[in-house]
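Remarks on the structure that follows.
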Amino acid sequence: MDPVLVQVRRLRPKRLIPLAVSRRARRFWAATRRRWRRSLQFRVVGITLLLSAALVLAFGYTVASLISRGVLDSRINTAKEQISGGATYAAHELEGFTQADDPGLPGKLQTVAGYLATSMDVPGAEVIVLRRSANLPNLSASWPEQGAYQVMSTPAMQPMRSLVGGRPNTYQQIATLDVGMGPRKYLVLGTPVATAGDPVELYYLLPLQSEDELVQFVALVVTVTGIALVALLALIAAMMTRLVVKPVRVAARTAQRLSAGLLDQRMQVKGEDDLARLAAAFNQMAANLQRQIVRLEEMSRLQRRFTSDVSHELRTPLTTVRMAADLLFSSREDFDPAAARSAELLQAELDRFEGLLTDLLEISRFDAGFAALDAEPTDLVPVVRRVGERLAPLAERCGVPLRVDTPDTEIIAEVDPRRVERILRNLVGNAVEHGEGKPVVVTLAADSSAVAVTVRDHGVGLKTGEEKLVFNRFWRADPSRARQTGGTGLGLSISLEDARLHGGWLEAWGAPGKGAQFRLTLPTHSGDRLVSSPLRLVPDDARADEAALIGETP
């Protein structure tokens with residue numbers, strides 16, 4: 001087998017395992033963050049768990065430290081009393097030895113050390129007697145003399161030996177020493193022994209194994225108790241939070257069902273507490289909303305039926321009146337001037353009346369949800385130009401220059417050309433009506449996902465807040481103004497519904513004295529969602545004026 005292939009196969013699992021762990025960690029973190037944002041109970045339990053863990057940790061550390069310090073202090077105090085009594089006993093036994101080379105002194109020291117070791121009654125304790133003279137032997141209760149000297153000569157014991165040899169006090173130190181049974185922790189106490197001859201030092205080595213085991217047991221008990229307490233607090237927090245969160249979740253689900261149209265949904269009322277009162281109040285609110293919605297739906301249904309019925313019923317007499325009016329209008333040249341003018345006015349008002357009926361029928365179809373979109377791939381360039389050509393005579397009568405800016409290339413979009421042309425006719429007609437003799441510019445643009453048409457006029461403009469009101473039915477900014485086209489007041493409302501039917505936007509901008517601009521934005525492909533428009537809603541000249549007022553570059 002090729003060694004290179006063997007090396008690749010060996011390295012591949014080592015690379016895949018960290019990647020898999022990293023993916024799992026990212027997924028777990030993402031799931032945790034998502035649940036943290038969405039679940040109130042999870043947040044409350046998590047915060048309770050963290051705070052209680054911190055509190056229990058601090059409390060456990062404090063308790064363990066105090067117990068450890070108390071056990072150690074108790075052992076130190078007891079050991080100090082023992083070594084003080086041992087030093088007194090050793091001084092009494094060595095009163096008669098005044099010469100350092102006395103041949104009976106080593107045996108006496110060995111006897112004193114053995115007696116002191118047996119009198120301590122502490123398993124594993126050691127007593128060491130050291131003479132200051134370097135060329136003289138050192139004695140221990142249970143070790144060889146050389147072993148005792150080696151233990152007390154370790155670097156860890158040198159600071160203590162210097163203190164013991166300097167002043168007549170008792171000193172203690174905790175050190176890890178090997179006295180022949182492996183390294184262990186000892187409490188070492190040392191004190192000088194007042195003698196008439198060679199100075200002597202007395203050391204007690206007390207094992208701390210039992211104290212360590214006690215401290216470890218206390219730490220284990222505190223840890224287990226803390227974990228159990230934290231888990232219990234988390235469980236209690238989860239249970240208590242559930243009592244509060246569950247009705248809130250039920251209320252949220254009920255509200256979602258109500259918003260989806262299931263008006264008969266209600267919460268279950270249990271007990272007489274605050275949550276029960278909340279559920280009862282929620283049910284009362286839902287019942288009131290249901291009554292209001294049903295009443296409004298009935299009124300809307302009656303209104304739509306009335307509009308549709310009236311529109312249809314007026315069609316027959318309107319047709320008859322139209323035939324008579326057409327006959328009178330065609331014969332007006334044979335009438336006297338007053339009758340001829342009356343025939344012309346009758347013809348104009350019948351045209352407006354017929355347009356109003358057509359708009360009312362269209363509005364009723366929108367309200368009833370019967371409006372259908374016949375979308376097909378359409379080149380919008382000729383549609384926009386055709387609207388400009390048809391409204392050019394009106395613009396000429398009003399003295400308003402009308403300019404249509406379209407690209408030289410095709411702009412294809414899946415739209416209903418009849419509805420789009422109707423929207424543009426309404427927008428351009430309104431712009432000409434309110435143009436005040438100033439130019440009206442129609443602009444067409446497109447990008448990869450949307451097409452847009454803006455209609456800009458420089459007339460009276462719109463006041464603040466009127467950019468939303470212009471799409472209301474029968475709303476007019478200035479009712480006292482004379483109209484040139486005799487509109488019905490429903491054009492912009494129908495245009496807005498046509499834009500929504502395409503999944504598009506119809507928006508307005510205006511400022512007093514600076515004119516207005518309407519923007520129609522439609523998706524290139526039917527059913528797509530719009531996220532932006534190829535053209536700005538606020539005109540560039542208006543943006544430049546605002547930037548000049550605040551001293552910035554547009």
Side-chain angles (χ1 to χ4, degrees), residues 17-72 211-294:
I17 292 176
L19 290 176
V21 173
S22 177
R23 291 194 192 97
R24 293 194 187 97
R26 286 196 298 268
R27 286 197 296 266
F28 176 77
W29 176 247
T32 303
R33 289 183 58 188
R34 183 166 57 253
R35 189 170 184 185
W36 180 271
R37 293 193 304 267
R38 296 181 178 180
S39 176
L40 176 62
Q41 184 179 10
F42 184 77
R43 285 200 303 272
V44 172
V45 173
I47 293 173
T48 303
L49 187 63
L50 293 176
L51 294 179
S52 60
L55 181 62
V56 169
L57 180 63
F59 178 76
Y61 177 79
T62 303
V63 170
S65 299
L66 292 176
I67 293 176
S68 302
R69 176 57 60 184
V71 171
L72 185 60
E211 286 74 9
D212 283 343
E213 292 176 353
L214 177 59
V215 170
Q216 292 176 3
F217 177 75
V218 170
L220 178 62
V221 171
V222 170
T223 302
V224 173
T225 305
I227 294 175
L229 181 60
V230 169
L232 182 61
L233 290 175
L235 180 61
I236 294 175
M239 294 176 60
M240 299 304 296
T241 309
R242 180 179 174 81
L243 293 177
V244 179
V245 172
K246 185 177 179 180
V248 175
R249 290 176 177 172
V250 172
R253 288 194 296 268
T254 307
Q256 290 175 353
R257 296 191 184 101
L258 289 173
S259 64
L262 304 176
L263 301 180
D264 58 342
Q265 296 294 311
R266 297 293 184 270
M267 293 181 61
Q268 186 177 4
V269 180
K270 295 181 179 180
E272 300 178 356
D273 56 3
D274 295 335
L275 296 177
R277 288 195 295 270
L278 173 63
F282 184 90
N283 292 339
Q284 184 65 32
M285 178 190 68
N288 293 335
L289 287 176
Q290 183 180 12
R291 286 195 295 269
Q292 293 293 332
I293 291 174
V294 170

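This chain uses plain numbering: 1 for the first residue, then up along the sequence. These numbers come from a predicted model, not from an experiment.
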Exceeds 12 heavy-atom contacts within 6.0 angstrom, atom CE of M239: no

Nearest heavy-atom contact between V269 and A279 is CG2-CB, 4.0 Å

To the nearest 0.5 Å, atom CG of L72 lies from atom CG of D212 at 9.5 Å

Pairwise distance OG1(T223) to OH(Y61) - rounded to 0.5 angstrom: 13.0 Å

Could you walk me through whether V215 and I67 satisfy the side-chain contact (heavy atoms from CB on, under 4.5 Å) test, starting with their C-alpha distance in whole Å, then the side-chain angles of each, then the deciding distance to 0.1 Å, before giving a yes or no? CA-CA 7 Å; V215 170; I67 293 176; 5.7 Å; no

Return the CZ to CD distance between R253 and Q256, rounded to the nearest 0.5 Å. 8.5 Å

Any side-chain heavy-atom pair from F59 and V63 closer than 4.5 angstrom? yes

How far does CE of M285 sit from CZ of R266, to the nearest 0.5 angstrom? 9.5 Å

With I47 as reference, evaluate L50, L51, L49 under the side-chain contact (heavy atoms from CB on, under 4.5 Å) test and give the passing residue. L51

Rounding to 0.5 Å, atoms CG (L229) and CD1 (I236) come to a distance of 8.5 Å

Scanning both residues in full, the closest heavy-atom pair of V222 with G60 reads CG1-CA, 3.2 Å

